[in-house]
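Bear in mind that the values here come from a model prediction, so they are computed numbers and not experimental data. Naming: A, B, ... by sequence-line order, numbering from 1 per chain.
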There are 2 protein chains.
Amino acid sequence: MTLSATPFVPVEVPDLVDVIEAELTRAIVEGRLRPGARVVEAETARQMGVSRAPVREAARRMERQGLLVAKPRHGFFVREITVKEIDDLYGVRLALEECAVAGACARIDAAGIARLQAQIDLMCAETLGLTPPQRIQLDLQFHLMLCELSDNERLLRLFATIETEVRMIIALLDNHYQDPLFVAKAHQPILDAIIAQDEAAARAQMREHITSAWHHVRDLFTSQHPQPFRENEPS
Amino acid sequence: MTLSATPFVPVEVPDLVDVIEAELTRAIVEGRLRPGARVVEAETARQMGVSRAPVREAARRMERQGLLVAKPRHGFFVREITVKEIDDLYGVRLALEECAVAGACARIDAAGIARLQAQIDLMCAETLGLTPPQRIQLDLQFHLMLCELSDNERLLRLFATIETEVRMIIALLDNHYQDPLFVAKAHQPILDAIIAQDEAAARAQMREHITSAWHHVRDLFTSQHPQPFRENEPS
DNA sequence: GGTTCGTCAACTGTCGACAGTCGGCTGTCG
DNA sequence: CGACAGCCGACTGTCGACAGTTGACGAACC
């Protein structure tokens, strides 16, 4: 046996691109950069004290992720959110989460059950003292756990991008109107179905859970973001 | 009414980043760049007659897409394919394609049916004279059509990335052993279920179709790419 | 007054340069 | 002969610079 580990942690050189991307993403999901906002490379670089190159690289990644859109020769813009975007997003989210819960169902063990239950308990206990974004965070962590437990790297990656977008959308909503404790408790039936290893029930519970969130977000969004009047374009 | 269109097409300035990404992607799905291969920025830039900046930006996008992985201070590498990667990929593909076929089922019209049927007919008619990659291309086009018909932009985007990876994997397989005509005809039951607007049946057909491809690819891959011997790491 | 043209500032697309780092090679020493 | 330190080439990370384009503003002209 060798020593359990080397005494030193490898020196980690933070990659500027990663830092910039994280910062830009944070600005978006915290609502400081609203959809449609232009991201001026030079200005962003100046504010962060770096040159434009890493900013552009970070923006390129976020472009592929869908957080930014590039208009050639006009720069990057924060992706605009429409009702259809929300519908598309939640449609995909539903498919992926059903996949995740089914996978988790097949692979669940005692440790996994404990983690999930702890998360639900945490949500129930803490939820009343938290801000809505913090609650959303805990909520999404539960779903992220399911992806982890399903042991599918790609699913996890995809869900991580969806999670970011969900948080971005939430940041656009002024209030949330839902009973936080009710929302927290709503996860229990999903876990119960997983414990019972009843894949069909787990899928059904998840479907209902996501669909409910979908409708809720959709309603809030449509009421708070009336669609801009779209005049008939001359034929 | 104005004239049907302006007489001039807007001058299009091809973005170097797009060109480079397309070229790199082509190199990968055509098997010229094998998984694990290092992509040296300066060399790539030189070969394409450009500077490193746009190469890096293209690579950043492909990194987020999953085609390349970045090892900090060591450059970009073509993503390695393992059996688990294939399983993860097809697991997600299954979820997304079920979603797509369900959506298509709900929104199908005569024109859509015609397009799908034409594609199947094309596959049946042409398949014998084509190379395997060309067959795969036609096949994937059918699935891409379903995503389009489901009218979900995000689903379409996700499937496009999956399609690329499927083609990349196919490029790694020496032979394919399947009766092309049989594969082509296998799409008909899916379309029939869509025409009948029977969502459950459509999902079931799709599930069977994808699962079959999954197993086929998996078997070929495991037989042609034996896992490198992984020695027990000392505890 | 409304339209058209020219000017201009701002910003993107692209490039070459430079410093820092990593891994391999070599030569030396035990 | 093997281990180890030091050197060196290759390549990445980052930067500043320059050219080209775009949209806006304002002047000239019908």
Side-chain angles (χ1 to χ4, degrees), chain A residues 2-3 6-25 27 33-65 67-80, chain B residues 2 6-25 27-28 33-65 67-80:
Chain A
T2 62
L3 287 177
T6 55
F8 296 113
V9 168
V11 176
E12 57 183 74
V13 182
D15 201 336
L16 271 194
V17 177
D18 295 332
V19 176
I20 294 167
E21 181 185 359
E23 186 56 33
L24 271 178
T25 302
L33 272 177
R34 315 278 297 186
R38 183 173 187 174
V39 178
V40 179
E41 296 170 12
E43 179 63 11
T44 306
R46 194 188 56 73
Q47 289 178 12
M48 299 196 190
V50 299
S51 75
R52 284 172 50 214
V55 173
R56 282 178 68 91
E57 289 179 28
R60 287 298 186 193
R61 285 208 301 217
M62 297 172 70
E63 179 195 6
R64 182 50 49 88
Q65 176 169 1
L67 273 186
L68 297 180
V69 291
K71 289 212 302 185
R73 312 205 166 270
H74 289 267
F76 295 95
F77 297 80
V78 180
R79 181 181 205 94
E80 307 246 22
Chain B
T2 60
T6 55
F8 296 114
V9 169
V11 176
E12 60 182 74
V13 182
D15 200 336
L16 272 193
V17 176
D18 295 332
V19 176
I20 293 166
E21 181 185 357
E23 187 56 33
L24 272 177
T25 301
I28 293 177
L33 274 177
R34 314 280 295 186
R38 184 173 187 174
V39 178
V40 179
E41 299 170 9
E43 179 63 11
T44 307
R46 196 188 55 73
Q47 288 179 11
M48 300 197 188
V50 299
S51 75
R52 284 172 51 216
V55 173
R56 283 178 67 92
E57 289 179 29
R60 288 298 187 193
R61 285 208 301 216
M62 295 172 71
E63 180 195 6
R64 181 51 48 91
Q65 176 169 0
L67 274 186
L68 298 181
V69 290
K71 289 213 299 186
R73 310 199 171 272
H74 289 267
F76 294 94
F77 298 80
V78 180
R79 180 181 206 92
E80 306 247 22

Subject >> Positions of residues 33-40 of chain B (non-hydrogen atom under 4.0 Å from DNA chain D), listed by number >> reply: B:Arg38, B:Val39, B:Val40
**OP:** Taking the side chain as every heavy atom from C-beta outward, state whether B:Arg79 and B:Val69 have any atom pair closer than 4.5 Å.
**Re:** yes
**OP:** Please examine the side chains of A:Arg60 and B:Glu21, heavy atoms only from C-beta on, and report whether any two atoms are closer than 4.5 Å.
**Re:** no
**OP:** Please list all pairs passing the side-chain hydrogen bond (donor to acceptor under 3.5 Å, both in side chains) test where one or both residues lie in residues 35-46 of chain B, with sequence neighbours left out.
**Re:** B:Glu41-B:Arg52, B:Glu41-B:Arg56, B:Glu43-B:Arg46, B:Glu43-B:Gln47
Subject >> Value rounded to 0.5 Å, distance of CE in B:Met48 from CD1 in B:Ile20 >> reply: 6.0 Å
Subject >> Under 4.0 Å protein heavy-atom contact, by nucleotide of nucleotides 14-24 of chain C - B base, S sugar-phosphate only >> reply: BB-B---SSS-
Subject >> Atom-to-atom span, NZ of A:Lys71 to C1' of C:dG13 - whole angstrom >> reply: 17 Å
Subject >> Side-chain heavy atoms of A:Val17 within contact of A:Arg61, under 4.5 Å >> reply: yes
Original post:
Under a 4.5 Å cut-off applied to non-hydrogen side-chain atoms, are A:Val78 and A:Leu67 in contact?
Top reply: no
Subject >> Euclidean distance, atom CZ of residue A:Arg46 to atom P of C:dT12 [Å, nearest integer] >> reply: 14 Å
**OP:** Report yes if some heavy atom in the side chain of B:Thr25 is under 4.5 Å from a heavy atom in the side chain of B:Gln65; otherwise report no.
**Re:** no
Subject >> Minimal non-hydrogen separation, B:Ala70 against B:Phe76, with atom names >> reply: CB-CE2, 3.6 Å
